Amino acid sequence: MRGFYIGRYQPFHHGHRHMIEEIAAEVDELVLGIGSAGDSHTTRNPFTAGERVMMVTKAVEGLDATTYVVPIEDLDRNSVWVSHVQSMTPRFDVAYSNNPLVVRLFEEAGVEVRQSPMFRRDVLEGTELRERMIRGRDWTDLVPDAVVDVIREVDGVKRIRRIAETDANGDEPSDA
């Protein structure tokens, strides 16, 4: 059986890894969708699709399931989003998600959806990781070592800090 799990992975963290390990115990093969593949260089989406493909591919090496990492660009038409995903990926039998909209869209399209409890969601959350990078706080213990290596290779912390800067007094940083 082949499963599908999508995330933005901005960046990939131990919570994602935990979820993928749980899914891999249920399936033979796993398609990992890199969501919002066209977005990068913003505080919400600092890493490119290619960088996220590297993060995910390296972080899931050694899993007990064959994995395929596939970038998926956003489609701003929810009614056809599932068919868009299906056109971009190998065929899959079941989708995994805890995102209420994603669950609803897959269910409406007749795709079986399974949910799993989130792992340490209080700290294992992309916003928290990105904020730690911006503020110069430790973030490396929240991601697999392979992800630390990729972020260092692309100078990701410097990038997100630069993006988060503002040229206005007192204004919050914004996504361009």
Side-chain angles (χ1 to χ4, degrees), residues 2-21 23-24 27 29-78 80-92 95-99 101-102 105-106 119 124-134 136 138-165 173-176:
R2 187 177 298 136
F4 174 78
Y5 176 58
I6 192 167
R8 285 189 6 263
Y9 310 119
Q10 290 280 13
F12 186 92
H13 54 67
H14 288 308
H16 295 129
R17 172 69 192 204
H18 180 79
M19 185 81 143
I20 289 168
E21 287 172 348
I23 296 168
V27 300
E29 297 180 319
L30 180 55
V31 179
L32 298 170
I34 304 288
S36 300
D39 295 344
S40 69
H41 292 78
T42 66
T43 54
R44 179 169 159 74
N45 295 294
F47 303 105
T48 68
E51 291 163 351
R52 292 180 281 152
V53 166
M54 286 186 356
M55 287 178 202
V56 174
T57 301
K58 291 180 178 194
V60 301
E61 283 179 358
L63 268 185
D64 208 15
T66 301
T67 57
Y68 309 95
V69 181
V70 181
I72 300 173
E73 291 189 2
D74 285 337
L75 183 68
D76 293 325
R77 292 178 54 214
N78 288 340
V80 295
W81 182 78
V82 172
S83 61
H84 170 67
V85 167
Q86 291 169 324
S87 77
M88 301 297 295
T89 62
R91 182 196 54 76
F92 54 87
Y96 291 81
S97 182
N98 288 314
N99 179 300
L101 176 60
V102 171
L105 295 175
F106 274 121
F119 178 70
L124 293 177
E125 203 261 332
T127 302
E128 172 69 19
L129 277 156
R130 294 186 302 273
E131 192 63 30
R132 286 182 180 207
M133 290 176 185
I134 291 166
D138 187 37
W139 56 272
T140 58
D141 60 328
L142 302 178
V143 302
D145 291 341
V147 173
V148 173
D149 293 343
V150 171
I151 291 171
R152 286 186 174 145
E153 177 184 335
V154 303
D155 211 2
V157 173
K158 182 177 179 181
R159 178 191 305 162
I160 194 169
R161 286 181 181 161
R162 176 61 53 94
I163 293 165
E165 291 175 357
S174 65
D175 289 341

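Both backbone and side-chain heavy atoms feed into the values below; hydrogens, waters and symmetry mates do not. Bear in mind that the values here come from a model prediction, so they are computed numbers and not experimental data. Position 1 is the first residue of the sequence; numbering continues from there.
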J.: For Met88 and Ile72, work out which heavy atoms get closest and say how close.
T.: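 For Met88 versus Ile72, the nearest heavy atoms are CB-CG1, 4.4 Å.
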J.: What do you reckon, is CG of Asp138 surrounded by more than 12 foreign heavy atoms closer than 6.0 Å?
T.: yes
J.: Before giving the answer on side chain to side chain contact (heavy atoms under 4.5 Å, CB included), spell out for Val150 and Phe12 the whole-Å C-alpha distance, their side-chain angles and the decisive distance to 0.1 Å.
T.: CA-CA 10 Å; Val150 171; Phe12 186 92; over 6 Å; no
J.: Taking C-beta and beyond as the side chain, do Leu101 and Trp81 meet within less than 4.5 Å on heavy atoms?
T.: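 SC-SC contact between Leu101 and Trp81 ruled out.
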J.: Using every non-hydrogen atom in the two residues, find where Ile163 and Thr43 come nearest and quote the distance to one decimal.
T.: CG2-N, 3.6 Å
J.: Looking at every heavy atom in both Phe4 and Val85, which two are closest together, and how far apart are they?
T.: CZ-CG1, 3.5 Å
J.: Output the distance between atom CD1 (Ile23) and atom OG1 (Thr67), rounded to the nearest 0.5 Å.
T.: 12.0 Å
J.: Quick one: does Val56's side chain get under 4.5 Å of His16's, heavy atoms only?
T.: no
J.: How about Tyr68 and Thr89: do any of their side-chain heavy atoms sit closer than 4.5 Å?
T.: no
J.: Write down the atom of Val53, the atom of Pro71, and the distance for their closest heavy-atom approach.
T.: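 So the two residues come closest at CG2-CG, 4.0 Å.
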J.: Kindly check if the number of other-residue, nucleotide or ligand heavy atoms within 6.0 Å of CG (Asp155) is above 12?
T.: yes
J.: Heavy atoms, side chains only, cut-off 4.5 Å: are Asp149 and Lys58 in contact?
T.: no
J.: Less than 4.5 Å apart, side chain to side chain, heavy atoms only: is that true for His13 and Glu128?
T.: no
J.: Is there a side chain to side chain contact (heavy atoms under 4.5 Å, CB included) between Val27 and Tyr5? Walk through the geometry before answering.
T.: CA-CA 12 Å; Val27 300; Tyr5 176 58; over 6 Å; no
J.: Looking at Glu165 and Arg161, does any basic side-chain N land under 4.0 Å from a carboxylate oxygen?
T.: no
J.: Between Arg17 and Val147, is any pair of side-chain heavy atoms under 4.5 Å apart?
T.: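 Of all side-chain heavy-atom pairs linking Val147 with Arg17, none is under 4.5 Å.
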J.: With a 3.5 Å distance limit and no angle check, can you tell me whether Arg159 reaches the backbone of His41 through a side-chain donor-acceptor pair?
T.: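 It does not hold such a pair.
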J.: With a 4.5 Å cut-off on side-chain heavy atoms, are Glu29 and Pro90 touching?
T.: no
J.: Indicate the atoms forming the closest heavy-atom contact of Glu51 with Thr48, along with that distance.
T.: OE1-N, 2.9 Å
J.: Should Arg8 and Arg52 count as side-chain neighbours, where that means a heavy-atom distance under 4.5 Å?
T.: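 With C-beta onward as the side chain, the pair touches.
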J.: Between Phe106 and Phe92, what is the ring plane arrangement, given parallel below 30°, perpendicular above 60°, and tilted in between?
T.: perpendicular
J.: If you measure from CG on Leu142 to CZ on Arg132, what distance do you get to the nearest 0.5 Å?
T.: 4.5 Å
J.: In this structure, which one of Met55, Arg44, Arg130 forms a side-chain contact (heavy atoms from CB on, under 4.5 Å) with Gln10?
T.: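 So, applying the side-chain contact (heavy atoms from CB on, under 4.5 Å) to Gln10 and each of Met55, Arg44, Arg130, only Arg130 qualifies.
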J.: So how far is it from Ile134 CD1 to Leu129 CG, rounded to the nearest 0.5 Å?
T.: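 Atom-to-atom, Ile134:CD1 and Leu129:CG are 11.0 Å apart.
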J.: Can you name the closest pair of heavy atoms from Tyr9 and Ile34 and give their distance?
T.: CD1-CD1, 3.6 Å
